[in-house]
Amino acid sequence: MTRLVLSSLLLCACASAPKPAPTPVEPAPAPVVRAPPGPPPLPRAPAVAPLALPPSQWPVEKQALHALNRLAYGPSPSDMDDVRELGVATWMALQLHPELVRDDALTPKLERFQTLRMSTPELEAAFPPLQQVAKREGLDMKDPDARRELQERLGKQEMPREVVVELIQQKLIRAVDGKRQLEEVLSDFWFNHFNVSADKGACKWMLTSFERDALRPHLFGTFRELLGAVAHHPAMLFYLDNWASTREDLDLTRVMRPGRLPKQFAKNGKLGLNENYARELLELHTLGVNGGYTQQDVREVARAFTGWSIDRPQLNGLFIYRDLAHDKGEKRVLGQVFPPGGDERDGEAVLDMLSAHPATARFIASKLCKKFVSDDPPGALVAHVAEVFQQTGGDLRAVYTALFTAPEFWADAAYEAKVKTPLELAMSAVRAVGGTTDGDIRLAQRIGAMGQPLYRAQPPTGFPEVAEPWVNAGALVARINFGLAVAAGRMPGVTIDHRRVGGRPIRDVDAAIDLAAHELLHEPVAPVTRETIRATLGGRAEDALPDGERRPVELPVVAGLLLGSPQFQKQ
Amino acid sequence: MTTRRAFMKSSGLALVSFGFAPGFVQRAAAAAPGKGKRVLVVVFQRGGADGLSMVPPYGDPDYAPQRPSLALPAPGSQDGVLKLDDTFGLHPALAPLEPLYAAGTLAVLHAVGSPKPTRSHFDAQDFMEAGTPGLRGNEGWLNRVLASEPKAQASTFRAVALEPTLPRSLLGNAPAVAMNSLGDFRLQAGARVNLAMKGFEDMYASAVDEAMRSTGAETFEALRAATDGQLASRPPENGAEYPKSPLGKRMQDIARLIHADVGLEIATTDCGGWDTHIGQGAAQGQLAQRLKDFADSLAAFAKDLGPKLADVCVVTMTEFGRTVHENGNRGTDHGTASVMLAFGGGIRGKRVKAQWKGLSKAALFEERDLAVGTDYREVLAELVEHHLGVRDPIFPDFKPTPMKLLFASSG
């Protein structure tokens, strides 16, 4: 099929009368390909060796589709071109080395989001809590008039929520328009693994740094580096309360001079152990719920992390180790003895131990296989990936490579085996029609309505990695409506490239369905889908106009049905 | 796909074969033969609602001294509580519920909570909604209620969550529908909506994926019923006026499903904003605003249902209460026991049931929280058995004691 871009036809078909347009074989005079002018986004002679993929019976197009469904947010016209041009194995190898992938178009789009470049203390200073501003200006926040006045004066752009709004916007833009797709997929995966929520107090100022400083630099490093960066990060320390956890017998009124004692501790300075982080570290971050630890281990781990805290969460928000709060006693974690008199290094030693533990290798391997292969991945694959994790000391790039080159990754059982999450569904729909996004917050709201409010998963388990919770009646209706809105050009924040206008109206229903299926699904439609679309078009498409000419097919209807189809819910 | 779908298959719920299900209403009517159309509505207050403000123990001598800026005055004084008995009163913002109490329809349960308390929102909600204190269960207590009586021809609307995803309490093998609102529960396909609906229905009916196929069947049947019955636009009855808040809209949607007689047995919804660490307020303020919305929504629901409330029980719950002492920010921190409210058919109300150990320092849990006097599962188990007529044990490793908390003749 000619490289004919469906999105152009969508726009064209929306118009009441078809405009004369160049034929698909002769592209419109305006540049058809992706902006901006300059060097091609991918080097022609890539500096990496292609991945050693297992032999496959699948046609190349199917391999490309599978790779884009797993390592990217679905195929976009431009990424599909890249995969075709480079070959599946080389494109995948490059995705594992995002530093070699040029992403020039993204930089200007992210430029306007100042918060992305600010530290947590800078964000807290620039977007202070309303309470704090009121105090500074001597306003009484209990007075509704004063409160309203303050809110109006600050304006939407200066409210703390703006920090999270920009974080959401960059995520959507990178997912739709970025060329380093695997980095985005992994950034989302690991954020979800180490979930923190913008809805928990001071976390909203810390998530920007959490994703940028704790996660992104380590996505292709070792698991230990990633785990350590997360463990030190104030977002995690705040979210799971470790910042307030201290040795059991600590009484601030005894150890601090009255003048230095925070007001809330003036009467009662007693603090103590908080197990929240310790438990989730074992259960969710490393060993897994059946990883063989006991309640006593949870307490001992919590003791080891006492003193890992935050220097004034709403004013500074940086990591601080408070030796005063640290439990100096002997600890025994998973049978290993930590001698008395320890310090910050107790926590480090626990992280060393956990990241080298075979249960961690199995748990992480299992989660990655669920993410990238299927909800119920083959046991042999999990074992293989876990073994590579162990052998390489948790070298994540080696682990991903083992996963992507395994025959099970390319098995028929893995093809379109995953139900897309709402984020994946939305991003893949926009990419399928060749759309771009400015990250309009309404796009995120639609994803939230499908059940995935971005950066706001309340429980530490994050969003589900498997299908069950995503597949319910209300969510399905929201998904179908999203597809219809994108196809009809009604989705705020999503733009279809107008330079692509130039397609020719199609008057033959089957040709229109074939084209749409090729462009959106990259595979033929099932016969029942074809019949369904024909029926839905209701014969009108083939109505003769007064001059005897056939009416052009309403491509948005075709595209809307395809984007809402069960096939498009899977990847 | 997991067990939820396997259940649908095995229960003979072959919705696909019904095609466009013209007999929807008849089937729904047949779904609950002989038992009346009993409905249980569960409202979850997420964030840990302060039971000591909802139903202040104004008569307890240790109440006011521990809450210098939060305590509410005794009945009769300005901003005073609404007297329930000599110990307890209602927060003035809950005034819309007072007539239900006075009429004997609403019961108050105080010092209720989990026997294995945790101050983590996540754990506390999880444990509470699974009905397994201290244990992470995979299925919810309400799903066990559904599964205890599998119905071959259950209505699509047998269990509905007015929330964007199914709450933990409804997760499990038995089917349940989640939706943000009845209004959003429609295809936005403009003039072609009927053709599009049929198109999507056909595609999902032949989907390869079992979960897509069965959820599709549930979805389109429910969509058609919601559209045919014009459920989303049904006006309230008896002059009820709901607040325009999320909770008000959701309660109104639940009432619509009940009025439309679509076979609803269990409905859930939730509301947030109860985590009042800072500036909680007393008779006015942050918490009072939440309580007003809460009470207005529930009272409108009761009024809207009118005589139908005889077949409906509403129960409210929260994952934990809050500290007895107010903190340094005129708020309260995570505590332990709180309040549940229950009203509706058959409930013997106009009473505050509480194993009240008092608020003296010695009586507090860990010297800071209202101690649990009543296991929340006692309340739920009684509702399930007495109101829904389910005899199977719903809470693993738990034997309810016949305490007659809600119903005169239960136990």
Side-chain angles (χ1 to χ4, degrees), chain A residues 131 141-142 200-201 241 262-268 276 279 283 289 375-376 416 419 448-453 458-461 466-478 480-481 484-485 488 490 526 528-529 531-533 535-538 554 557 560-561 564-567 569-570, chain B residues 1-2 4-5 46 119-123 125-126 136 156 160-161 163-166 171 176-181 184-190 192 195-196 198-209 211-216 218-220 222-223 277-279 281 284-285 325 327-329:
Chain A
Q131 203 75 22
M141 285 298 281
K142 273 187 296 186
K200 178 150 177 171
D241 304 327
K263 213 169 42 182
Q264 64 265 40
F265 298 113
K267 282 186 188 152
N268 182 355
N276 205 359
R279 173 171 283 111
E283 178 191 325
V289 71
D375 286 3
D376 191 13
E416 292 180 351
V419 171
M450 293 183 238
Q452 196 178 9
Q458 208 211 21
T461 40
V466 294
E468 186 176 27
W470 300 127
V471 184
N472 68 64
L476 192 55
V477 172
I480 289 172
N481 285 334
L484 291 169
R490 280 190 284 114
V528 61
T529 306
E531 279 318 302
T532 300
I533 295 174
T536 307
L537 290 168
E554 290 175 89
V557 176
L561 285 164
S565 70
Q567 205 173 343
Q569 308 308 313
K570 305 284 297 271
Chain B
M1 195 57 211
T2 45
R4 170 156 138 72
R5 307 297 155 183
R46 296 194 191 278
R119 295 190 185 94
S120 151
H121 292 297
F122 327 121
D123 284 354
Q125 289 181 24
D126 259 24
R136 284 170 216 280
T156 309
V160 179
E163 305 168 55
T165 55
L166 278 182
L171 280 185
V177 170
M179 60 179 77
N180 252 339
S181 73
D184 287 344
F185 193 62
R186 63 187 177 88
L187 278 195
Q188 293 164 350
R192 282 183 181 275
L195 281 170
K198 179 168 169 0
F200 283 119
E201 187 166 14
D202 289 350
M203 283 198 284
Y204 278 84
S206 59
V208 183
D209 185 290
M212 288 292 163
R213 203 161 61 239
S214 54
T215 305
E218 282 173 11
T219 305
F220 293 106
L223 266 178
H277 287 279
I278 298 173
Q284 275 93 39
H325 270 284
N327 66 18
N329 305 113

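In what follows, every heavy atom counts, from backbone to side chain, and hydrogens, waters and symmetry copies are set aside. This one's a predicted model, so the numbers in the text were calculated from it and none came from an experiment. In what follows, chains carry the letters A, B, and so on, assigned in the order in which the sequence lines appear, proteins first and then strands, with residues in each chain numbered from 1.
- Contact of B:Q125 with chain A is made through the side chain alone, with heavy-atom distances under 4.5 Å.
- When all heavy atoms are compared, the tightest approach of A:A535 to B:L195 is O-CD2, 3.8 Å.
- Proximity to chain A is absent for every atom of B:R46, based on heavy atoms less than 4.5 angstrom apart.
- Taking OG1 from B:T219 and CG from A:L476, the interatomic distance works out to 4.5 Å, rounded to the nearest 0.5 Å.
- The contact between A:L561 and chain B is made by backbone and side chain atoms together, counting heavy-atom distances below 4.5 Å.
- Per-residue counts of heavy-atom pairs under 4.5 Å with chain B were compared for A:G451, A:A478, A:A485, A:S565; the largest is that of A:S565.
- When each of A:G560, A:G474, A:A449, A:A475 is checked for heavy-atom pairs under 4.5 Å with chain B, A:G474 comes out on top.
- Minimum heavy-atom separation, B:R186 to A:N481: O-ND2, 2.8 Å.
- Taking the side chain as every heavy atom from C-beta outward, B:M212 and A:V419 approach each other to under 4.5 Å.
- A side-chain contact (heavy atoms from CB on, under 4.5 Å) with B:F200 is found for one member of A:V477, A:T536, A:T532, A:L484 and no other, namely A:L484.
- Only the side chain of A:V557 comes within contact range of chain B, judged by heavy atoms closer than 4.5 Å.
- When each of B:G199, B:S181, B:G190 is scored by its heavy-atom pairs under 4.5 Å with chain A, the top score falls to B:G199.
- Between A:P566 and B:M203, the shortest heavy-atom distance links the atoms CG-O, 3.5 Å.
- Of the two parts of B:D184, only the backbone, made up of N, CA, C and O, holds a non-hydrogen atom closer than 4.5 Å to a non-hydrogen atom of chain A.
- Contact between B:S206 and A:V528 at its shortest, heavy atoms only, is OG-CG1, 3.2 Å.
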